[in-house]
There are 2 protein chains.
Amino acid sequence: MASAKSSARKKSRAPPKAPRADNRLPQILDAAAALFAARGYQAASIRDIVKVAGMLPGSLYYHFANKDELLAAVYGEGVRRISTAVSAAVAKESDPWAGLEAACVAHLESLVAPSPYAKVVISVQPADVPPVAKALIALRDGYEQQFVALISALPLPLHLRDRKSRTTLRMLLLGALNWAPTWYRPSGASPKRIARDFIHLIKAELAP
Amino acid sequence: MASAKSSARKKSRAPPKAPRADNRLPQILDAAAALFAARGYQAASIRDIVKVAGMLPGSLYYHFANKDELLAAVYGEGVRRISTAVSAAVAKESDPWAGLEAACVAHLESLVAPSPYAKVVISVQPADVPPVAKALIALRDGYEQQFVALISALPLPLHLRDRKSRTTLRMLLLGALNWAPTWYRPSGASPKRIARDFIHLIKAELAP
DNA sequence: TTTCAAGGCAAACAGTCGTTTGCTTTGTAT
DNA sequence: ATACAAAGCAAACGACTGTTTGCCTTGAAA
């Protein structure tokens, strides 16, 4: 996906060929996501990952140049999934506050879902993987633009209408949500409940 | 410190002896804190740590049974330092909201300070180190009791006086603060500014 | 049916990892 | 001055790491 296999596309005499149907790249991504999420990036070894995917270690390097780029691919897919879930949730609402609330619920539900892709986005710290750190941060920043838009649409009281206040609000909200997986327990409050409680605590008085 | 070297203290004939003055345990802790904070727990090797401390790899095992317990010791020291800083800051205030604000400022300042001990507490995820995960979580929970007390002292509006609302408030605030180091830049807003902005955004209307 | 690249196998490389063992140095209490 | 434990050295153990290389299989386009 994000790997360096573009190569030159010559049409003269050497058909580009299509990827095959038995391509096991999806299994690799799934296995990597599961193990990165469960044990952390460094502790998940290539051998563990390919074993789950049913391959041999060397085969992975046909798809990815190295372990870092495998992480980048999983991370990108994670961001894409969260982003899709949030967009879908927001699309159903028209009121600005309801939209933000729906986005927060979808965001947190993605983070604590059984699917490990989103968990990788939260638990892997870009700074711990210098070669791709910038790429990972860019992916995350891109996603957070959704929240920039949502918050800029809020009808806030006059003294909080400036850009700085809205940034503070975004950091407060996203930080609290991103941290929630560290104390979340399936037996406790649901993601929906948690996200709504956060929003209501803030909204109750900020709404006009 | 937290290592398993209690052993039997027999007074009969074999004086307990005191630790020596040239003990290099502090250097080990400092080096481990620095490398755990900079590269993450898994990526920081014993050999790197002892090199900074000026020793050989095997020597570390006189002080700690294994790498996990070294982490636990650093983590414990980190919690102790943050806790001390927060206590000191709170002690200067009498108003409940001012106390909470001072605590938040001290908390965040610890997290982004050049000293790496506090950073370990935030960036190391207990779940990634199963053998000592429970111990680390217990340390963190103990520290957070300070915030439980601070928030229970707040004079909140009637409809937010219950325990659940106060828990939500604590999670919102601590989550946002703990996440802040991921986007904090020394060139941007100061820790004090950030923590105060968070508090003011919440307080403005929750105060009676 | 032939062809050829997409995809994977098999096996190794060169390091690095956490940890253990036996022995030596050295500070300190006596 | 002497004794003894605290502390560290020196050297290795076995397992595991990410990655590379050359060869083989196979699905699909022609």
Side-chain angles (χ1 to χ4, degrees), chain A residues 1 3-29 31-32 35-36 39-72 129-132, chain B residues 1 3-29 31-32 35-36 39-72 129-132:
Chain A
M1 236 161 183
S3 87
K5 352 206 328 296
S6 45
S7 74
R9 295 272 173 184
K10 44 184 68 179
K11 188 189 270 187
S12 53
R13 206 75 316 243
K17 288 293 169 90
R20 319 189 347 188
D22 65 342
N23 192 322
R24 272 183 276 172
L25 194 146
Q27 284 92 319
I28 296 179
L29 287 174
L35 288 170
F36 288 163
R39 308 183 193 171
Y41 172 69
Q42 312 269 6
S45 76
I46 298 283
R47 282 173 176 80
D48 290 341
I49 291 169
V50 296
K51 185 183 292 180
V52 172
M55 321 175 42
L56 292 181
S59 308
L60 185 143
Y61 290 84
Y62 174 77
H63 298 280
F64 299 96
N66 52 51
K67 195 186 176 186
D68 290 342
E69 294 209 11
L70 169 58
L71 171 66
V129 195
V132 291
Chain B
M1 237 159 181
S3 91
K5 354 207 326 295
S6 45
S7 73
R9 296 271 175 186
K10 42 184 70 177
K11 190 190 271 185
S12 52
R13 211 59 334 229
K17 288 290 169 89
R20 325 192 337 191
D22 63 344
N23 192 322
R24 272 184 277 174
L25 194 146
Q27 284 92 320
I28 296 179
L29 287 174
L35 287 171
F36 288 162
R39 307 183 194 171
Y41 173 68
Q42 312 269 5
S45 77
I46 298 283
R47 283 175 174 80
D48 289 342
I49 292 168
V50 297
K51 184 182 293 180
V52 172
M55 320 175 40
L56 293 181
S59 309
L60 185 144
Y61 290 84
Y62 174 78
H63 298 280
F64 299 98
N66 51 52
K67 194 186 176 185
D68 291 342
E69 295 210 10
L70 169 59
L71 171 65
V129 197
V132 292

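Quantities reported herein were computed from a predicted structural model and do not represent experimental measurements.
Note: CE (A/M55) to P (C/dG7) measures 11 Å, nearest angstrom. The interatomic distance linking B/I49 (CD1) with C/dT19 (P) rounds to 11 Å, in whole Å. As a whole-Å value, the separation of B/F64 CZ from C/dT20 C1' is 18 Å. Here the C1' atom of nucleotide D/dT17 and the CG atom of A/L35 are 15 Å apart, to the nearest Å. Nucleotide D/dA28 holds its P atom 11 Å from the CG atom of A/N23, rounded to whole Å. The distance between atom NZ of A/K51 and atom C1' of C/dG8, rounded to the nearest whole Å, is 18 Å. Spacing between atom CZ of A/R39 and atom C1' of D/dC16 amounts to 13 Å, rounded to whole angstrom units. Per the geometry, CG belonging to B/N66 stands 8 Å off P belonging to C/dT20, to the nearest Å.
Between D/dC9, D/dA6, D/dT19, one nucleotide has an atom nearer to the side chain of B/R20 than all others, and that is D/dA6.
For the pair B/H63/B/N23, a side-chain contact is recorded, criterion being any heavy-atom separation below 4.5 Å from C-beta on. Two residues are said to be in side-chain contact when any heavy atoms from C-beta on lie closer than 4.5 Å; B/L71 and B/F64 fail this criterion. Between B/D68 and B/Y41 there is a side-chain heavy-atom pair separated by less than 4.5 Å. Annotation: side chain of A/L60 is not in contact with side chain of A/M55 (no heavy-atom distance under 4.5 Å). Taking the side chain as every heavy atom from C-beta outward, B/I28 and B/V52 never approach each other to under 4.5 Å.
Nearest heavy-atom pair across A/A53 and A/A31 is N-CB, 4.1 Å. Looking at every heavy atom in both residues, B/Q42 comes nearest to B/K67 through O-NZ, 3.5 Å.
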Return the polar atom pairs (N/O with N/O) between nucleotides 22-24 of chain D and the protein under 3.5 Å, or none.
none

Check the interface with nucleotides 15-17 of chain C: list each N/O to N/O pair with the protein under 3.5 Å, or write none.
residue : atom : partner : partner atom : Å
C/dC17  : OP1  : B/S45   : OG           : 3.2
C/dC17  : N4   : B/R47   : NH2          : 3.4

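For the pair B/H63 and D/dA6, the criterion of a side-chain N or O lying under 4.0 Å from OP1 or OP2 is not met. At C/dC9, one or more side-chain N or O atoms of A/S59 fall inside 4.0 Å of OP1 or OP2 (strictly under the cut-off). The side chain of A/R24 places an N or O atom within less than 4.0 Å of a non-bridging phosphate oxygen (OP1 or OP2) of C/dG8. A close approach under 4.0 Å does occur between a side-chain nitrogen or oxygen of A/Y62 and OP1 or OP2 of C/dG7.
Judged by distance alone, with hydrogens and angles left aside, the side-chain atoms of B/N66 form a donor-acceptor pair with the main-chain N or O of B/E69 at under 3.5 Å.
Nearest-nucleotide assignment on DNA chain C puts the 5′-proximal partner with B/Y61, out of B/A21 and B/Y61.
Separation of atoms CG (B/L56) and CZ (B/R47) is listed at 10.5 Å; rounding is to 0.5 Å. The line from CG of A/L29 to CZ of A/R24 is 13.5 Å long, rounded to the nearest 0.5 Å.
The C1' atoms of five pairs define one axis at each end of the helix from C/dT1-D/dA30 to C/dT30-D/dA1, and these two axes lie 20° apart (to 10°).
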